[in-house]
Structures are given as C-alpha cells and as structure tokens.
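Take a look at the structure set out below.
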Amino acid sequence: MLFGKYINKYYKKYWYLFITVIFFDAIVDVAQLFIPQIMGKLADGLEQDIKLSKAGDTSFPWLNANYSKVLIAIGIIAVVIVLGRIAWRFFSAKIGAQIERDLRQEMYTHIQSLSLNFYKDKKVGGLLSFFTNDLQTIKQVYTDGLIYMTDLFVLGVLAFVYMCLISWQITLCCAGPLLLFTFVGGMVGNGESKRYKKASDSFEDLSDYTEENLQGFSVVKAFLKEQEKVKGFEVRSKDTQDTSIKYLRYSTWLDTAINLFLTAFITIMVILAAYSLVTLDPTFGTNIKSVGDIITFTGYYDSLIWPMIAGGLLIDLSSRGRGSYKRIAEIFDAKPDIVNSPDAIKHEHIKGEYEFKNLYFTYPDASIPSLKGVSIDIKPGQTVGIIGRTGCGKSTFVDLLPKLYNLPKDMLYIDGMDINYWRKEDLREMTGIVSQEAFLFSGTIKDSIAFSEKNPGQVDMEKVKLAAGFACVDDDIESFPNKYDTFVGEKGATLSGGQRQRVSIARAIYKQPDVLILDDSLSAVDADTEKKILANIKKYRAGLTTFIIAHRISAIEDADVILVMDDGKIIGHGSHDVLLNTCPLYKDIVTLQELEKEVD
C-alpha cells in the first residue's frame, strides 16, 4: 500500500470501505480453500470405488452416497465466490473513485492558492500529467493494491498453514526461499520506483512540449517550423519510450522470475509428496497417505501461487505509486508565497490613496531589482497614466497594488495603512485588473464578462450590457447571431484581438472595482474606440482611482498625473504639459509618436 502525510488521512476517512473490501475479499479467499479439500476427498472416494469395481462391485457406493453433497458444496462455494467478488469489486472501485476525486480536488485547490512564482517553474503540460498519469497510478494502488495485499496475507497465509498441517517438512523446505524472495522483492521494488519516476518525468516533459506547441501552432506555421518541432517531438517521444521500456523490462524480468520460481517449487513439492506416498518414508511427514492428500496439498499450493504473484504485483504497483506520490507531494510541499499577516485587517472599500516610500522590489528568482527607490503619492480618485520603455517596471509597479508579491514593511501604504496590514482577498476583490494578455475562458461572452459573479447561474444581464457599453464592445456583440450567448472558444479564439481586449475591460468593469488597472489594455483598439473608452473612464469612474499603462501618449495625456518610468525608477511625474517641459524622455516619446502620425 501507499503511505504519506498527504494521503494517510484517506485511510481514516474511508476506513469502513477498506474494511468492507477486506471482509468480502477474505470471504472469497477462505471459500477458495475448501475446493482443494473437496477435490482431495473426491479423488480418494473415486479411488475406493475403482478398487471395488475391479473386485466386482460396480455400484460405486461412495460416489452414489456423496455425489449430491459434492455438487451442493461446490455450488455454495461458487455462489459465495461470485457474490464476494462482485461486492469487493464494487466497494474497491468506490474507494478508488472517492480518493481520486478528493485528491484531485485538494491538488487543484492547493494549486489555486499558490503564488505566481510557482507557475514560473511549472508548465501547464507538466501539471496536467500530475492530474492524469500520477493520479491514476495512486488510484490503482488503493484499488488493485488493496486486493493484492489482502490475498497475500489472507489466502497466502491460510494456504501456507494448511500445507504445514499436511506436511510441514515439505512446506518448510520452501519457507527459506520464500523469505529470500520477499527480501529481494523489496530491493527490486526500490529500483522500480526510481525507474518509474524517471519514466513519469519524461512523460511530463513530453506533455509540456506538446501543450506549448499546440498553443503556439500559428507561430510555428508562420515561421515554417513544423519539421523542426516534429523532430523535437520525436526526440522527447523517444526519450519517453526509452525510459518506459527500461522500466517495463525491469518489471517483466521480475514477473518472469516469480513465475519460474513458483513453477520450480510446485514441481519439487509434487515430487517430494509422491515420494513420501510411494515409499512411506516419514522424512516428509506422515499425513500424506493417499492420492487425495497429494491433490489437496498441491491444491493449497496452487492457491498459494496467486498470492505470490499478487505479492510481485504489489511490489510493482507500490513502486509506481511511490514514484507518483513523490511527484504529487512536490505540489503539496509548495507553499503560497503571499500570506496574510496575523495583524491584517478586513476592509470593505479602497479609497484609492497610494503612498510609495523609497520602494525597492526584486522578483523572487532575480538578483537585480525591478523597482528602485520609487517614491510617489497617488491621491484618491486620480487617473494615473504610466509610460516608459519596455521592461522599465511599469507592470511590476501595478502588480504590487493587489498584493501579487510580498513587500517589506513601510514601503507601500494604501489609504494610510501599510499594505502588509491589508488582506490580499480584500485588495483583489476591490481591484479590477486588465492584464496585457487578454485571456478569456471558454464559454459565452455573457459568462466571460460576468466572470466575477459570485453566483454564476444568476448573471445580471443589465450589468453585463452596461460593462460591454463601457468597453465599447456592445455593438460588436449585438452583431453576432447569438449576441451575448455567443461561444468565444478557448482563450477567446473566435474573437479578434481588439474584441478580446475590450471584453477583458468589460469583465473588470462588471465587478465595479474601487480601483481599476489597465495594463497596456488599449493597444489593440483603434484611436476612436480608445477615445470613447477613456471618455467613459472619465465619466463613470469620477472619484475612483484608475491606473492606465500605455505606450501611446493619446491614452494617458488627459490623466490627472502621468508617471514616466525608466530602469525601474520614476524619472518624472506630473501632467502632460508639465512633463513636456521637465522630462526629456517623455518629450522624446511625444515627438516620436507625432512623427509617426505624420508619416501615417
């Protein structure tokens, strides 16, 4: 079986199901052991009748007297075995299904709680392999593994004991090799676990590569990289094949060794038992007195074969299970980077006042600060424009506002309170974020806009239409045959870039946030649409703080305050007119864009 701090609780949670499976499987195992006894008595009875028939008595007295009894006994045993197997299969499947469901839900919930830094190290394809390949293996440990273990310790032990009652001498001749087999099996199991983990890691790499290329298929085709990507897939597929073959070869050798081991021992047992019967030599016991005793003895050993095979399968399955559990444990071992301080206070609203005090920020996996000595005061209700060269820290600046990353104390104050005393849930609930990438989940446009709805089945269509109107996407939606019930496809594939961007803006507006952040979210819309959206921000978000990151001056020139950033620093701030006279970089950007307009 499989044990670990993240799965031990399932034994306690579903103890009644585990006991039920073991109970029914044990009944089946015990019932099976009556068959060798019946076969042995039947053989002895027929032997007596054959001897009598040779002497002239052809009435077959034993068979006539016990025929119906034998049939009834075999019938009862068959019914018990069939019903018992149906029962343990049903409850075993239930254990697997419930544990798989619980573990999958816990994994998904835990992943949702992790910070952005976790997703920089893990790719989507690799994470999916945890939810499919590894989870299925662990499920199999709890279903098949439980049966293997029960058969090994119930059927195997009882068969061994009954064999000892007939001839403990012959049985003990096999005990030493059996113990050796168990010891070697444990060592082999450790090797199998390592090989299976390598095979799983290789499959994860293949999943990553496949998922990434399927998502970027348009780029692959645009650059004529089909053949190169096919070759890359072949290399990874070959590696997955090789590691899987190494594991399977190892596993096959183990299975073959078990079968040869069992075949050799049953041959030796039959020879020793036959020798004891024919010669009447007491060396191998005095209880083998008839052919029926040999048949019963070999029947018990035959019943012992499956538990021995099950032991090998259990070693193999447990090895794979340990490999999968180690991989899944990596997810559970990952802890959220962003946690609320014990002193954090619940807030109902954000006024929108932000005070940066000589703020420095370095990403967890970086060595160079992305923000350096940032100091600025943002007043409630201001519209703040942010502009600068690519990579100057604009997105990092706004990512700190909803507490997507940790900050030391006394660097950022929101409404006069250190951000560390704000709960991350409150900040994110009251902040509407439209990121650079306009990502939409598959579903209808209505559901995409109402993504923040607490009760997804109760979408407020009036709010949806108002949000769409704010983002100037309502006319586009109304032109679709199914209007707001139009299916947008995965990542909004059925919409144009500008439509996806405007639906993303509508999604943020629907939640009616206290603070709105547009991170270069107007880049895919035309100039007229941009003007309309900016006018709506001025009209409908009066008194509410809004941050607009843009590369076009036209998107921010009417902002209350404009921040000019370069190399992680704010090198200028003020109105458009002020910056034209005080900030050379801003003036250069304005001049360059005016020249571009003239050229166009």
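Ring orientation note: the planes of His576 and Tyr586 are nearly perpendicular, at an angle over 60° on the 30°/60° scale. Ring-plane geometry between Tyr540 and Phe470 is classed as tilted, the angle between the planes lying from 30 to 60 degrees on a 0 to 90 degree scale. Using the six-membered ring where Trp is involved, Tyr11 and Tyr142 have ring planes that are tilted, between 30° and 60° apart.
A distance-only check finds no donor-acceptor pair linking the side chain of Asp514 to the backbone of His349 [under 3.5 Å]. The main-chain N or O of Leu404 is never found under 3.5 Å from a side-chain atom of Asp399 such that the two would form a donor-acceptor pair. No donor-acceptor distance shorter than 3.5 angstrom exists from the side chain of Arg389 to the backbone of Asp566, with no hydrogens or angles considered. Lys424 places a side-chain N or O within donor-acceptor distance of the main-chain N or O of Ile338, the cut-off being under 3.5 Å. The closest donor-acceptor contact from the side chain of Gln382 to the backbone of Val561 lies at 3.5 Å or more, if one exists at all. No side-chain donor-acceptor contact under 3.5 Å links Trp422 to the backbone of Leu427. Counting only distance, with no hydrogens or angles, the side chain of Arg89 and the backbone of Ala93 share no donor-acceptor pair below 3.5 Å. When atom types are taken as modelled, the side chain of Ser521 and the backbone of Val434 share a donor-acceptor pair closer than 3.5 angstrom. Put simply, the side chain of Arg327 never gets that close to the backbone of Arg322: no donor and acceptor are under 3.5 Å apart. No donor-acceptor distance shorter than 3.5 angstrom exists from the side chain of Thr431 to the backbone of Arg428, with no hydrogens or angles considered.
Tyr510 and Glu453 share a donor-acceptor pair across their side chains, judged by distance under 3.5 Å alone.
Using a cutoff of 4.0 Å between basic side-chain nitrogens and carboxylate oxygens, Glu478 and Lys465 are not scored as salt-bridged. With salt bridges taken as basic N to acidic carboxylate O contacts below 4.0 Å, one links Asp485 and Lys446. In this structure, Asp102 pairs ionically with Lys13, as a charged nitrogen and a carboxylate oxygen lie closer than 4.0 Å.
In this view, Lys409 and Asp418, Asn420, Tyr421 satisfy the side chain to side chain contact (heavy atoms under 4.5 Å, CB included) rule, not counting sequence neighbours. Evaluation of the side chain to side chain contact (heavy atoms under 4.5 Å, CB included) rule for Ala506 yields Ile449, Ala467, Ala471 as partners, not counting sequence neighbours. Here Tyr405 pairs with Phe361, Tyr363 under the ring pair (Phe, Tyr, Trp, His ring centres under 6.0 Å) rule; sequence neighbours left out. Listed by chain and residue number, Asp426 satisfy the salt bridge (Lys or Arg N to Asp or Glu O under 4.0 Å) test with Arg423 (two or more places apart in sequence, or in another chain). Listed by chain and residue number, Phe441, Arg507 satisfy the side chain to side chain contact (heavy atoms under 4.5 Å, CB included) test with Phe451 (two or more places apart in sequence, or in another chain). Legend: residues meeting salt bridge (Lys or Arg N to Asp or Glu O under 4.0 Å) with Arg502, ordered by chain and number and at least two apart, are Asp476.
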* Walk me through it: do Leu103 and Phe332 pass the test side-chain contact (heavy atoms from CB on, under 4.5 Å)? => CA-CA 11 Å; Leu103 190 55; Phe332 287 115; 3.9 Å; yes

* To do: Carefully, step by step, assess Asp447 and Val459 under the rule side-chain contact (heavy atoms from CB on, under 4.5 Å).
  => CA-CA 8 Å; Asp447 292 334; Val459 175; 4.2 Å; yes

* Tell me, with the steps shown, if Leu534 and Ser554 meet side-chain contact (heavy atoms from CB on, under 4.5 Å). => CA-CA 10 Å; Leu534 292 172; Ser554 59; over 6 Å; no

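Two residues are said to be in side-chain contact when any heavy atoms from C-beta on lie closer than 4.5 Å; Ile505 and Leu522 meet this criterion.
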